[in-house]
Amino acid sequence: MRKGILLASTSVVLMTSLAACGNSSSGGDDAGDGAKKPKIGVILPDSKSSARWEDADRPLLTAAFKAAGVDYDIQNAEGDKQAFQTIADQMITNGVNVLVIVNLDSGTGKAVLDKAKSQGVATIDYDRLTLGGSAAYYVSFDNTAVGKLQGEGLGKCLTDMKADKPVVAELNGSPTDNNATLFAEGYNSVLDPKYASGDYTKGPNQSVPDWDNAQAGTIFEQMLTSEPKIGGVLAANDGLGNAAIAVLRKNHRNGQVPVTGQDATVQGLQNILAGDQCMTVYKAVKKEADATAELAVSLAKGEKGQTNATAHDPEGNRDVPAVLETPVAIYRDNVKDVVADGYVTAADLCTGTYAALCAKYGVK
């Protein structure tokens, strides 16, 4: 998923294409009083690991920055660490006051944050905390709580199915993403006591590099081959969940094995309506995006940001001022809440065979 740029001769083309793929507001570098006009740069990680980055985060951040009347530049590194650094250099050169990043890994993220800080640019970690980094602020959800909801959700679905000592497989997120570590802490706080008591049997447990859905499918197929009696799947997000469901479907076991998820994607919600996915975790990205935009605008204007929590960085041994939002568990009976909140539309969700399911579960 993270593909390096191999030829130095492509650098000029890369710089041009990166500028083209971003979207920014018009306006000069100076405000009317001669002060530097606030300008905010945002680097999104990719468009493969989750549909949210382009379908939700980009338009929501764009709307918030437009409403605030600031210049902005939002670009997507598309999983490429070298491109990520190039975009950051470009944004700093072009005069951003604030740089907001969703890191691809903590090493790359730290290098970008440290360079921005050395240039006097305020920095915000968005959604993912950069371990050992220097971001002044962090905006995300309570990610341990996300994982706890997933563990509880899988437990609820196994109980509803009257599963007897099921073998539970864990399909974890990327080992380089601190969020994946926090999710696992959350769901293992629920699952480990079940393993210890013998209520559940601990099955295959593996992380998926870069949250890559294709790799997730291969990994889960191997899991199912090694342990055919898998009776539940803790999948860390909807993409990984869908990869597992595809394998279960091929083995005529979809709907018989509860699978979790996260992000409340259209695909994940459709899988829930169809009975192939047990639950997902809805993170109201608008709250996250609005909080980030508000914080970034304050920093760009030289003001202090408002926070409601701290997040501990174990590598940097520091507590980062943070804004943490609250996640919500979504099952069949409250899929409608995600639509009512405007996160996905009924038109996108209730297509084809899902129209009747939407009507059955009150999605309008």
Side-chain angles (χ1 to χ4, degrees), residues 44 47 49-64 102 126-127 139-143 145-157 160 173 179 183 186-187 211 213 233-245 254-255 258-293 323-364:
L44 300 175
S47 55
S49 67
S50 177
R52 64 164 285 190
W53 303 117
E54 288 297 328
D55 292 354
D57 295 84
R58 181 190 287 272
L60 288 167
L61 287 166
T62 296
V102 187
Y126 182 55
D127 199 71
V139 182
S140 189
F141 284 80
D142 183 335
N143 292 308
V146 169
K148 189 174 180 182
L149 289 176
Q150 291 175 313
E152 291 170 345
L154 183 61
K156 177 183 182 301
C157 294
D160 290 347
N179 279 6
F183 301 148
Y187 52 73
W211 294 93
N213 297 333
V233 183
L234 195 303
N237 78 355
D238 287 350
L240 305 188
N242 188 65
I245 288 165
N254 58 302
V259 179
T260 66
Q262 177 186 176
D263 291 336
T265 62
V266 168
Q267 184 178 66
L269 295 173
Q270 288 177 336
N271 283 337
I272 290 172
L273 290 172
D276 290 339
Q277 184 168 322
C278 158
M279 57 83 69
T280 188
V281 177
Y282 172 44
K283 300 183 296 186
V285 175
K286 187 176 189 307
K287 292 182 180 179
E288 187 180 21
D290 286 350
T292 299
V323 178
L324 299 181
E325 304 291 349
T326 303
V328 178
I330 299 296
Y331 303 88
R332 267 180 166 178
D333 60 0
N334 64 339
V335 165
K336 60 182 179 293
D337 294 347
V338 182
V339 176
D341 207 31
Y343 184 67
V344 301
T345 67
D348 287 338
L349 180 62
C350 305
T351 58
T353 58
Y354 299 104
L357 289 167
C358 282
K360 180 177 180 180
Y361 292 103
V363 179
K364 299 178 181 179

Original post:
Under the side-chain hydrogen bond (donor to acceptor under 3.5 Å, both in side chains) test, which residues partner D337, sequence neighbours left out?
Top reply: none
Original post:
Listed by chain and number, what are the side-chain hydrogen bond (donor to acceptor under 3.5 Å, both in side chains) partners of Y361, not counting sequence neighbours?
Top reply: R332
Donor-acceptor contacts under 3.5 Å from residues 263-275 side chains, at least two apart:
from : atom 1 : to   : atom 2 : distance (Å)
D263 : OD2    : S50  : OG     : 3.1
T265 : OG1    : D238 : OD2    : 3.1
T265 : OG1    : G268 : N      : 2.9
Q267 : OE1    : N242 : ND2    : 3.3
Q270 : NE2    : L349 : O      : 3.0
N271 : ND2    : N242 : OD1    : 2.9
N271 : ND2    : Q267 : O      : 3.4

Subject >> Euclidean distance, Q277 CD relative to I245 CD1, rounded to 0.5 Å >> reply: 4.5 Å
Subject >> Spatial distance of atom OH (Y354) from atom CG (D348) [nearest 0.5 Å] >> reply: 13.5 Å
**OP:** Could you pull out all residues at least two apart from D160 that satisfy salt bridge (charged side-chain N to carboxylate O under 4.0 Å, His left out)?
**Re:** K156
**OP:** Could you grab the distance from atom OG1 of T260 to atom CZ of F183, nearest 0.5 Å is fine?
**Re:** 11.0 Å
**OP:** Among residues two or more places apart or on two chains, list those pairs meeting disulfide bond (SG atoms under 2.5 Å apart) that have a residue in residues 328-364.
**Re:** C350-C358
Subject >> Point-to-point distance, once rounded to the nearest 0.5 Å, from CG of D276 to CG of N254 >> reply: 4.5 Å
**OP:** Look at the side chain of N237 and the backbone N and O of L240, then say whether any donor-acceptor pair between them is shorter than 3.5 Å.
**Re:** yes
Subject >> Approximate separation, where rounding is to 0.5 Å, of Y126 OH and T292 OG1 >> reply: 5.0 Å
Ignoring hydrogens and angles, write down the donor-acceptor pairs under 3.5 Å from the side chains of residues 281-289, residues two or more places apart or on other chains.
from : atom 1 : to   : atom 2 : distance (Å)
Y282 : OH     : D341 : OD2    : 2.4
K283 : NZ     : Q262 : OE1    : 2.8
K286 : NZ     : D290 : OD2    : 2.7
E288 : OE1    : R52  : NH2    : 2.9

Subject >> Any residue meeting side-chain hydrogen bond (donor to acceptor under 3.5 Å, both in side chains) with T353, in chain and number order, not counting sequence neighbours >> reply: none
Subject >> L324 side chain reached by S140 side chain, heavy atoms, under 4.5 Å >> reply: yes
Original post:
With a 4.5 Å limit on heavy-atom distance, are the side chains of D142 and T326 in contact?
Top reply: no
**OP:** Would you mind listing every salt bridge (Lys or Arg N to Asp or Glu O under 4.0 Å) that reaches into residues 354-364, with sequence neighbours excluded?
**Re:** none
**OP:** Give the minimum heavy-atom separation between C157 and P258, together with the two atoms involved.
**Re:** CB-CB, 3.8 Å
